[in-house]
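Everything below concerns the one structure shown next.
For ligands, and for the atoms within them, numbers begin at 1 and follow the listed sequence. This structure is a prediction, so every number in the text was calculated from the model and none was measured.
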Amino acid sequence: MNQTTREPETMVQTVYSITVPAGDVIFRQGEEGRVAYIIERGKVEVSIDQDGRKSVIAELGDGEIFGEMSIIDDAPRSATVTAVADTALVVVQRARFQKPIAAANPLMKLLLRVVLSRFRDAQRQLSGLRDNSRTPDTSLEEVRKLALKRITIEREMRGGLEASEFVMHYQPIISLETGGIAGFEALMRWQKGDGSFVSPAEFVTLAEETGFIGELGRWSMEESLAAQIRFAEATAAAEAGSPAPFMSINVSGYQLSELTEIAYLADIIESSGVDPERIKLEMTETLLVQDPEHAAKALREIKKSGVSLAIDDFGTGFSSLSYLHQFPLDTLKIDREFVNNMESSESSERIVSSIAQLAHSLNMSIVAEGIEKTEQISALRDLGCQFGQGYLMSKPLPADEVMALIRSKPRW
Ligand code: C2E
Ligand code: CA
Ligand code: CA
């Protein structure tokens, strides 16, 4: 056992090549593994140690992969691999897979782990190791529980959508210039059969994780655009000549990550009969920061429908100012955290003021979120913010209450 183990420990690149001379051990049974290998040229032998006796279980050649299991779970190497000829290997680092695996759907994770676990069991039996040598895989148990929880919630959400447990509420966005209603933000609500409300902050994340946000998002868009038509009629009836209110709809990054999903949304917009100039889509900056190239493409695509685009919760994310002008954005929504602390914290006021200046220079409009005090309205107006939204004016309301509000011709 004087051969050196060649397992590369820390390399910056996630994929690179190495050459292993015949006779060298690439990794040993029981060692920790962080990389997988693809054989470019050469031959390796896979062996297991049975009570001190080496038993060869496979020979692998060009194009074959080994060591792949450690990329998925933390279990130690289940076999020893030795080069039996001079062998050129492509090394694939675990780091390359960690992100996509961590981001994968919990069911997908479960599937990977179960297949792996069964494979390891089979290998153990082959090597004659008794089952009692096996320590229970607690992390697999966790993956299993998480997957089960997700399946249950996804089923509940699907059932909930069919049973009309989801409803849209609408929060007025006012013009700070006139004090009247300029538009609405559509906010989803889930009222379960037992009457309890689940916060969108909770279920939107779950819906994103399970992929159900696609269906839910299409439903919310149809619903909100149908409501916009009613609100526009009510506005025209209440105040002749005043412009139809816009409808600002939240879209999650997931909905914009697929071009087919964007095409669905474009269809809904087109067939809704709502003037696209009266439609705004809100998204958070994470989408833009994570994959700017795709985001730029996706936003250009969705902009073809004629809608305008807003960045939500501006100032809370990475807020790399350099990205702003790369995207076809129309509105910045200043996060309520800054608006709320404006008079108590000088830095919050400066942030609001800088965001306002930034928006002006980029020719974008501003919506200040979370207005709860009268003084905030005038302060925001002085800073040149065009729109405001918050509990001071109104909480998000069901459509019928919005209709009554429009008829009352409110001014703030
Ligand atoms: P958001 O897009 O930032 O929505 C604004 C949230 O601030 C809403 O919470 C609203 O009720 C709340 N809010 C408005 N004014 C005030 C105020 O003056 N003070 C305080 N404290 N809060 C105020 P909500 O409705 O619970 O929504 C939470 C989040 O869930 C939303 O944050 C959004 O990220 C997500 N969400 C809601 N509806 C949808 C939807 O239809 N689609 C998607 N993708 N996400 C949604
Ligand atoms: Ca929003
Ligand atoms: Ca927001």
Side-chain angles (χ1 to χ4, degrees), residues 157 160-161 165-174 181 183-191 197-228 246-258 261-262 264-265 268 279-287 302 308-317 319 329-342 352 355 366-377 380 385 387-399 401-402 412:
M157 282 196 288
L161 189 58
E165 289 176 7
F166 285 90
V167 286
M168 295 307 296
H169 282 192
Y170 305 92
Q171 186 176 33
I173 296 175
I174 64 159
I181 294 174
F184 295 90
E185 174 174 3
L187 293 156
M188 216 181 309
R189 298 285 177 264
W190 181 14
Q191 189 173 21
F197 273 101
V198 188
S199 143
E202 207 176 304
F203 70 77
V204 167
T205 315
L206 292 171
E208 282 169 341
E209 281 173 12
T210 56
F212 184 56
I213 194 72
E215 259 170 274
L216 204 55
R218 276 174 252 145
W219 168 83
S220 82
M221 186 166 287
E222 278 167 5
E223 194 74 11
S224 313
L225 293 180
Q228 195 277 347
F246 61 79
M247 185 59 77
S248 208
I249 302 165
N250 292 286
V251 290
S252 92
Y254 178 94
Q255 290 173 276
L256 298 176
S257 63
E258 298 287 333
E261 196 61 46
I262 294 178
Y264 276 133
L265 298 184
I268 295 173
I279 303 172
K280 230 178 243 210
L281 303 184
E282 298 188 9
M283 64 210 69
T284 57
E285 36 191 336
T286 21
L287 168 80
I302 194 85
S308 56
L309 303 179
I311 290 297
D312 208 351
D313 307 337
F314 190 74
T316 57
S319 288
L329 304 170
D330 308 275
T331 303
L332 292 184
K333 293 196 79 174
I334 306 181
D335 190 68
R336 68 164 176 267
E337 191 190 320
F338 304 116
V339 176
N340 244 302
N341 296 325
M342 255 170 79
V352 174
I355 296 177
I366 301 175
V367 180
E369 296 187 295
I371 301 179
E372 293 184 358
K373 298 185 196 122
T374 325
E375 313 88 82
Q376 290 163 346
I377 292 200
L380 289 162
C385 297
F387 303 103
Q389 168 184 3
Y391 290 172
L392 175 72
M393 284 75 81
S394 169
K395 287 201 167 183
L397 303 169
E401 291 180 37
V402 170
W412 287 280

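- For atom 7 (O) of ligand 1, the nearest protein heavy atom (residue, atom name, distance) is R336 NH1, 2.8 Å.
- For ligand 1, the atoms closer than 4.0 angstrom to any heavy atom of S252 are 44 (N).
- The shortest N/O to N/O separation between M188 and ligand 1 falls below 3.5 Å.
- Between R218 and E261 there is a salt bridge, with a side-chain nitrogen of the basic residue lying less than 4.0 Å from a carboxylate oxygen of the acidic one.
- The side chain to side chain donor-acceptor pair (under 3.5 Å) with Q389 is formed by just one residue from the set E369, R336, K333; it is K333.
- Between Y170 and S224 the shortest side-chain heavy-atom distance falls below 4.5 Å.
- For the pair M168 and L187, the minimum side-chain heavy-atom distance is 4.5 Å or more.
- A heavy-atom distance below 4.5 Å is not found between the side chains of Q228 and F184.
- Q191 has its side chain out of reach of V167: every pair of non-hydrogen atoms, C-beta onward, lies at least 4.5 Å apart.
- The two residues S220 and G217 have their closest heavy-atom pair at OG-O, 3.1 Å.
- The nearest heavy-atom contact from the protein to atom 21 (N) of ligand 1 is E372 OE2, 3.3 Å.
- By the criterion of a heavy-atom distance under 4.0 Å, neither the backbone nor the side chain of K333 is placed next to ligand 1.
- Residue, atom and distance of the protein heavy atom nearest to atom 43 (C) of ligand 1 are N250 CB, 3.5 Å.
- The atoms of ligand 1 that sit less than 4.0 Å from any heavy atom of G370 are 16 (C), 17 (C), 18 (O).
- Within the 4.0 Å heavy-atom criterion, the part of D312 lying near ligand 1 is the side chain and not the backbone.
- Inspection of the environment of the Ca ion (ligand 2) yields the following protein N, O or S atoms under 3.0 Å: E185 OE2, N250 OD1, E282 OE1, D312 OD2.
- There is no protein heavy atom less than 4.0 angstrom from atom 32 (O) of ligand 1.
- Any N or O atom pair closer than 3.5 Å counts here, and E185 shares at least one such pair with ligand 1.
- Residue-ligand proximity, E369 to ligand 1, at heavy-atom distances under 4.0 Å covers atoms 3 (O).
- Under the 4.0 angstrom criterion, atom 4 (O) of ligand 1 counts as having a protein heavy-atom contact.
- In this view, W190 and F166, F203 satisfy the ring pair (Phe, Tyr, Trp, His ring centres under 6.0 Å) rule, not counting sequence neighbours.
- Note that CD of E185 is 10.0 Å distant from CE of M247, once rounded to the nearest 0.5 Å.
- For atom 10 (C) of ligand 1, the closest non-hydrogen atom of the protein is L187 CD1, 3.9 Å.
- When the side chain to side chain donor-acceptor pair (under 3.5 Å) test is applied to E208, the partners found at least two apart in sequence or on another chain are S252.
- Put simply, the residue from D330, N250, T331 that forms a side chain to side chain donor-acceptor pair (under 3.5 Å) with K280 is T331.
- Residues E285 and G315 come closest through the heavy atom pair OE2-N, 3.5 Å.
- Taking any N or O of R189, backbone or side chain, at least one lies under 3.5 Å from an N or O belonging to ligand 1.
- In terms of polar-atom proximity, defined here as any N/O pair under 3.5 Å, D313 does make such a contact with ligand 1.
- Not a single side chain to side chain donor-acceptor pair (under 3.5 Å) links E258 to another residue, sequence neighbours left out.
- Listed by number with element, the atoms of ligand 1 under 4.0 Å from a non-hydrogen atom of P396 are 11 (O).
- Near I371, the atoms of ligand 1 lying under 4.0 angstrom from a non-hydrogen atom of the residue are 18 (O).
- Of the protein's non-hydrogen atoms, Y391 N, 2.8 Å is the one closest to atom 18 (O) of ligand 1.
- Residue V204 touches ligand 1 through its side chain alone, judged by heavy-atom distances below 4.0 Å.
- With a 4.5 Å cut-off on side-chain heavy atoms, F246 and I173 count as touching.
- Minimum interatomic distance between L265 and Q255 (heavy atoms only, all atoms of both residues): CD2-NE2, 4.1 Å.
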Worked verdict on I249 versus L225 for side-chain contact (heavy atoms from CB on, under 4.5 Å): CA-CA 9 Å; I249 302 165; L225 293 180; 3.8 Å; yes

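- Protein heavy atom at the shortest distance from atom 30 (O) of ligand 1 is P200 CB, 3.5 Å.
- Counting protein heavy atoms only, atom 15 (N) of ligand 1 is closest to Q171 NE2, 3.0 Å.
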